[in-house]
Amino acid sequence: MTKHISVAIDGPSGAGKSTLAKSLAAELQFLYVDTGAIYRTIGYYAWTHGIDPKDGAAVETALPDIRAELRYDGEGLQRMYLNGEDVTKEIRLPQISAYASAVSAHPAVRAFLLEMQRAFARKASVIMDGRDIGTVVLPDADVKIYLTASPEARAERRCRELEQRGTPEPFVKVLADIEKRDWDDSHRAVAPLRQAEDAVLLDTTALDFDQSRKALLDIIRRRASL
């Protein structure tokens, strides 16, 4: 039986995890799983239904009504569906970041999605990114990487991304949002953002996309003996 390789990439918001992981998965022919998008889908449900994302009881009560599905289109790109509706674009609205962070702090939400995430790694070689992949979701991953960059560098990248999507935001606001998200993610009681002890730290503050991609690929190939 062919052994499946699992790559866990954790790190703060705006570090480029999704873009880089998606590119590397395509080259290595691995399945790409953006777990942040799954949590964003739960957050989007809370936002559209007027649910306070910090109210754990209210969020937990809503879970039976949520059917979050991760599908792949004809080009192999991940798309998120909420109760049968494609919400891939909607979950990237700026305001959904705070909702995703808040709902992900509830144990019931994490338990609700944990098996879905682990199932992918059992079926195929995966590159999975998020906040607690190497520490909680795939603690036995073959390769663990903690990808980060300075808040200012991440804010600049996020501003460019929002501009390209047609939803520009001022740099000062984006930076403040990122710093708050960092604090929230690293101080939550359940599965806080942190570097796994056996993860390789990669700081991309001074690296462009191609340099970051090469550095990640080198780590994966070395650690997984590819």
Look up atom [atom1] in [X] and atom [atom2] in [Y], then write down how far apart they are to the nearest 0.5 Å.
X: D132; Y: D185; atom1: CG; atom2: CG; answer: 10.0 Å
X: F171; Y: R160; atom1: CZ; atom2: CZ; answer: 10.5 Å
X: E197; Y: Q195; atom1: CD; atom2: CD; answer: 9.5 Å
X: I9; Y: K17; atom1: CD1; atom2: NZ; answer: 9.5 Å
X: R223; Y: D218; atom1: CZ; atom2: CG; answer: 13.0 Å
X: L20; Y: L207; atom1: CG; atom2: CG; answer: 10.0 Å

Evaluate the side-chain proximity of [Y] to [X]: yes if any heavy-atom separation is below 4.5 Å, no if none is.
X: I127; Y: V143; value: no
X: K214; Y: D210; value: no
X: D34; Y: K22; value: no
X: Y146; Y: P12; value: yes
X: R79; Y: Y72; value: no
X: V126; Y: F30; value: no
X: Y45; Y: V87; value: no
X: L28; Y: S125; value: no

Between [X] and [Y], which heavy-atom pair has the shortest distance, and what is it?
X: P192; Y: A189; result: CD-O, 4.3 Å
X: S23; Y: R213; result: OG-NE, 2.6 Å
X: I91; Y: A37; result: CD1-O, 3.6 Å
X: L147; Y: G16; result: CD2-C, 4.0 Å
X: A15; Y: T204; result: O-OG1, 4.1 Å
X: A153; Y: T205; result: CB-CG2, 4.1 Å

Does a side chain donor of either [X] or [Y] reach within less than 3.5 Å of an acceptor in the other side chain?
X: Y32; Y: S18; value: yes
X: T148; Y: D203; value: no
X: R157; Y: T19; value: no
X: R131; Y: S186; value: no

Has [X] got a side-chain atom pairing as donor or acceptor with [Y]'s backbone, closer than 3.5 angstrom?
X: R110; Y: S104; value: yes
X: R40; Y: A100; value: no
X: Q117; Y: V137; value: no
X: S6; Y: D142; value: yes
X: E169; Y: K173; value: no
X: K144; Y: G134; value: yes
X: H4; Y: F120; value: no
X: Q211; Y: D208; value: yes
X: D10; Y: I133; value: yes
X: T88; Y: M80; value: yes

Tell me whether [Y] is reachable from [X] by hopping between hydrophobic residues (I, L, V, M, F, W, Y) whose side-chain heavy atoms are closer than 4.5 Å.
X: L162; Y: F209; result: no
X: Y99; Y: L113; result: yes
X: V103; Y: V190; result: no
X: L193; Y: L202; result: no
X: Y44; Y: V59; result: yes

Show the numbers, then the answer: is there a side-chain contact (heavy atoms from CB on, under 4.5 Å) between L70 and T41? CA-CA 10 Å; L70 189 158; T41 302; over 6 Å; no
Heavy atoms of other groups near [X] [atom1], more than 12 under 6.0 Å:
X: Q95; atom1: CD; result: yes
X: Q29; atom1: CD; result: no
X: E60; atom1: CD; result: no

So, [X] and [Y], do they make that salt bridge, N to O below 4.0 Å?
X: D177; Y: R181; value: no
X: R188; Y: D184; value: no
X: E161; Y: R92; value: no

Applying salt bridge (Lys or Arg N to Asp or Glu O under 4.0 Å) to R154 and E179, what does each step give before you reach the verdict? CA-CA 10 Å; R154 287 184 280 133; E179 290 177 333; over 6 Å; no
